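Down below is the structure, laid out as structure tokens.
Numbering starts at 1 and runs along the sequence shown. None of the values given here were measured: they were computed from a predicted structure. What's counted below: heavy atoms across the whole structure, side chains too, no hydrogens, waters or symmetry copies.
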Amino acid sequence: MNVVTPPPFVHAGPPEQISFDRAELGAILALYGRMVAAGEWRDYAISSLREAAVFSVFRRTAEHPLYRIEKRPRLRARQGIYAVIGMDGRILKRGHDLKQVLRVLDKALIRPVG
């Protein structure tokens with residue numbers, strides 16, 4: 001009697017997706033709440049992709065996003081894992097600390113009183 005071992009099981013499931021964790025979403029949604037209260041932002045979308053997690057902010061629904069907050073783990077050793085990208089595709093701020101990167105959007109709330 002011959003014993004035949006089965007071939008190893010290769011898991012061919014869906015590819016791994018990058019997503020924001022609870023602390024990251026808390027920081028992003030705190031900023032989002034302040035901007036909604038100020039009347040600047042009205043809608044958002046979250047995308048979990050293979051290369052990045054993206055939080056897009058809209059002034060109105062069915063528009064191009066005003067800003068994209070991206071998390072790209074591959075850039076951890078380079079420019080930083082987090083980036084804020086403007087509507088025109090320019091990178092406004094990039095870094096390793098999410099709260100520090102989000103400060104570039106807080107400056108939009110500071111306006112002269114007059």
Classify the ring geometry of Phe20 against Phe55: parallel below 30°, tilted from 30° to 60°, perpendicular beyond 60°. perpendicular
Contacts of Lys71 meeting side-chain hydrogen bond (donor to acceptor under 3.5 Å, both in side chains) (sequence neighbours excluded), chain-then-number -> Glu24
For Arg76 and His96, work out which heavy atoms get closest and say how close. O-CE1, 2.9 Å
So how far is it from Arg34 CZ to Asp106 CG, rounded to the nearest 0.5 Å? 4.5 Å
What's the verdict on salt bridge (Lys or Arg N to Asp or Glu O under 4.0 Å) for Arg90 and Asp88, showing C-alpha distance, side-chain angles and the deciding distance? CA-CA 6 Å; Arg90 282 186 304 148; Asp88 56 355; 2.9 Å; yes
d(Glu70 CD, Arg68 CZ) to nearest 0.5 Å is 4.5 Å
CD (Glu16) and OG (Ser48) are apart, to the nearest 0.5 Å, by 11.5 Å
If two hydrophobic side chains count as joined below 4.5 Å and joins carry through other members, does Val36 share a cluster with Val104? yes
Please check if Trp41 and Ile69 belong to a single hydrophobic cluster, counting links between Ile, Leu, Val, Met, Phe, Trp and Tyr side chain heavy atoms closer than 4.5 Å. yes
Salt bridge Arg72-Glu51, side-chain N to carboxylate O under 4.0 Å: no
Distance flag, aromatic centroids of Phe58 and Tyr44, threshold under 6.0 Å: no
Hey, is Asp43 close enough to Arg59 for a salt bridge, meaning N to O under 4.0 Å? no
Minimum heavy-atom separation for Leu75 to Arg94, with atom names? CD1-NH1, 2.9 Å
Nearest non-hydrogen partners of Ser56 and Pro65, listed with the distance: CB-CB, 3.9 Å
Is a donor on one side and an acceptor on the other found under 3.5 Å between the side chain of Tyr82 and the backbone of Gln100? no
Apart from Ile18 itself, its cluster of hydrophobic side chains linked below 4.5 Å comprises none
